[in-house]
Trainee: 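First, the structure itself, so that you have it in front of you.
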There are 2 protein chains.
Amino acid sequence: MANNTRRTQRGEASLSRESIIDASIGLLDANGEAGLTFRALSERLGTGAGAIYWHIANKDDLLDAACDAVVAQTMAKAAGSAGPPREAIRAIGLGLFDAIDAHPWVGAQLARAPARMPMVRILEGIGSRVAAMGLSGNALWLGGSALLHYILGVAAQNAANRAFAQARGLVREDYLGTIGAEWSRLDPDAYPFTRSIAAQLCEHDDSADFVTGIDLILDGIAARQAGRA
Amino acid sequence: MANNTRRTQRGEASLSRESIIDASIGLLDANGEAGLTFRALSERLGTGAGAIYWHIANKDDLLDAACDAVVAQTMAKAAGSAGPPREAIRAIGLGLFDAIDAHPWVGAQLARAPARMPMVRILEGIGSRVAAMGLSGNALWLGGSALLHYILGVAAQNAANRAFAQARGLVREDYLGTIGAEWSRLDPDAYPFTRSIAAQLCEHDDSADFVTGIDLILDGIAARQAGRA
DNA sequence: ACCTGAACACCGTTCAAGT
DNA sequence: ACCTGAACACCGTTCAAGT
């Protein structure tokens with residue numbers, strides 16, 4: 001409502017790419033990906049639907065720009081925390097984890113737009129730290145891309161979980177409880193493992209588990225380094 | 001054209017959930033996710049759009065069922081190859097990699113539908129092998145979910161790459177060449193790492209790198225096991 | 001140069017009506 | 001029980017017309 005004011009008000013900047021992206025982020029945060037439409041956006045900006053196309057190419061461009069705005073800010077914050085490479089990589093991972101917690105649609109967009117700017121920012125932050133660990137050549141490539149893919153995988157899954165829960169109006173506990181109950185009803189002969197971990201589903205700490213996964217990969221990288229030395 | 005025949009022909013089974021899923025897979029393979037619409041599907045099946053809703057709940061259900069059909073077949077094949085757990089996990093990973101190569105939309109769907117049947121099949125295949133490596137309790141949970149998230153991350157990224165190239169009619173070399181050229185034009189001060197690996201982008205072997213990532217995580221798991229023993 | 005807003009070509013989904 | 005197909009309520013995008 002408060003944001004619904006006309007931009008013809010005094011002091012109000014005219015329609016710009018930046019203001020469009022800001023409004024898009026607001027809509028995405030409030031109502032998920034379904035909340036971002038050109039009609040809702042033009043209403044919020046107090047303009048016509050077609051005016052937006054003067055500043056952005058299409059909806060893909062808009063989603064990518066919104067995602068990049070969030071990722072750029074997250075990476076700038078994580079890059080500020082100096083320290084040993086391993087700590088820096090953990091900080092980047094946690095920063096992205098929190099960002100996706102606050103903006104679930106970012107995780108979905110990262111999975112959809114490969115090799116675009118948001119991913120490059122993450123790749124640069126991680127890769128430069130892996131290089132600082134003393135890796136180079138093919139080992140550097142392999143270590144960096146394994147970490148990147150793991151982080152993007154968690155990001156996408158977390159985003160999907162959040163979006164699913166949000167669309168059905170469930171809180172985390174209810175959502176995980178529902179999944180756990182479904183898993184418990186699986187055929188014991190075909191799915192013994194999944195049934196056995198159904199109970200753990202509600203108790204685990206997403207964020208801590210995520211960092212442990214990063215540590216596992218870093219341990220694997222270190223083991224190869226030691227073996228080669 | 002050949003599939004456009006009416007199902008009132010003699011011997012033709014009546015409309016069923018299975019035939020709808022088969023036709024959906026055909027449309028998805030041919031034209032990507034944009035190719036699956038209820039109009040295209042009903043035309044291909046020689047029926048009305050509304051008839052499909054008698055057999056499936058909605059488009060989400062349809063996409064999930066199509067994804068599950070592909071994943072179920074892939075996992076059944078990978079599960080057949082016995083051997084040490086590490087080999088079995090590699091086989092599952094490679095099987096999924098090939099399946100997503102053939103059906104890029106499967107990777108996108110895996111990223112979107114968390115904790116549904118397709119993911120459970122993968123989780124069961126991997127988790128049971130990690131358990132066979134001697135892990136249990138929290139270590140089992142952490143190892144299994146790290147591997148799962150890594151595999152899903154690669155799956156989603158590969159799917160996005162393929163979909164992007166397919167939508168623009170590019171072959172792999174052209175696509176990677178375009179990305180590499182973009183990366184080479186990045187600001188040298190802000191993106192030294194990404195620029196340094198731009199050249200490697202065209203030469204690397206997706207599939208081999210993917211398996212190496214699995215090995216890195218397995219090495220990390222083994223290192224923790226050794227440290228604890 | 002920038003904006004308007006009606007119009008276009010689509011979607012997924014529903015539902016009264018048929019068999 | 002299963003199918004038809006028109007209708008509904010949306011989309012993203014375009015474009016002649018305005019300022």
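Numbered from 1 within each chain, the chains take letters A, B, ... in sequence-line order.
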Trainee: Quickly, which of A:Thr74, A:Asp98, A:Val70 forms a side chain to side chain contact (heavy atoms under 4.5 Å, CB included) with A:His103? Name it, please.
Mentor: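 Result: among A:Thr74, A:Asp98, A:Val70, A:Val70 is the only option passing the side chain to side chain contact (heavy atoms under 4.5 Å, CB included) with A:His103.
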Trainee: From CZ of A:Phe38 over to P of C:dC10, roughly how many Å is that when rounded to an integer?
Mentor: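 To the nearest whole Å, that distance equals 18 Å.
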Trainee: Look at A:Arg112 together with A:Glu33 and state whether they make a salt bridge at an N to O cut-off of under 4.0 Å.
Mentor: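 A salt bridge links A:Arg112 with A:Glu33.
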Trainee: Quick check, are the ring centers of B:Tyr150 and A:Tyr150 under 6.0 angstrom apart?
Mentor: no
Trainee: Whole angstrom is fine here: how far is it from CG in B:Asn58 over to P in C:dG12?
Mentor: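 Distance check: B:Asn58 CG to C:dG12 P gives 11 Å.
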Trainee: Measure the distance from CH2 on B:Trp54 to P on C:dT14 and round it to the nearest whole Å.
Mentor: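 B:Trp54 atom CH2 is separated from C:dT14 atom P by 14 Å.
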Trainee: Nearest-Å distance, CG (B:Leu41) to P (D:dT4)?
Mentor: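 For the pair B:Leu41 CG and D:dT4 P, the rounded distance is 13 Å.
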Trainee: Need to verify one output field. Residue with the more 5' nearest nucleotide on DNA chain D, B:Gly50 or A:Arg39?
Mentor: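 Nearest nucleotide further toward 5': that of B:Gly50.
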Trainee: Could you please name the option among D:dT14, D:dT4, C:dT14 that lies closest to any side-chain atom of A:Tyr53?
Mentor: D:dT14
Trainee: What does B:Ile56 touch in the nucleic acid at a heavy-atom separation under 4.0 angstrom: a base, only the sugar-phosphate, or nothing?
Mentor: nothing
Trainee: Is there a Watson-Crick or G-U wobble partner for C:dA6 with both distances under 3.5 Å, and if so, which one is it?
Mentor: D:dT14
Trainee: Take atom CD1 of A:Ile20 and atom C1' of D:dG12, then tell me their distance rounded to the nearest Å.
Mentor: 15 Å
Trainee: If pairing requires Watson-Crick or G-U wobble contacts with both distances under 3.5 Å, which nucleotide is the partner of D:dA1?
Mentor: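 Matched D:dA1 with C:dT19 under the 3.5 Å cut-off.
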Trainee: Rounded off to whole Å, could you give me the CZ-to-P distance for the A:Arg17 and C:dC3 pair?
Mentor: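 Interatomic distance, CZ of A:Arg17 to P of C:dC3: 14 Å.
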Trainee: Would you check if there is a donor-acceptor pair between the side chains of B:Arg121 and A:Tyr191 at a distance under 3.5 Å?
Mentor: yes
Trainee: Rounded to whole angstroms, how far apart are CG on A:Leu36 and P on D:dT13?
Mentor: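 Distance check: A:Leu36 CG to D:dT13 P gives 11 Å.
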Trainee: If you find the nucleotide of DNA chain D closest to A:Ala51 and the one closest to B:His55, which residue's nucleotide is nearer the 5' end?
Mentor: B:His55
Trainee: Does a side-chain N-to-carboxylate-O contact under 4.0 Å join B:Asp68 and B:Arg116?
Mentor: no
Trainee: How many Å lie between NZ on A:Lys59 and P on D:dT13, as a whole number?
Mentor: 8 Å
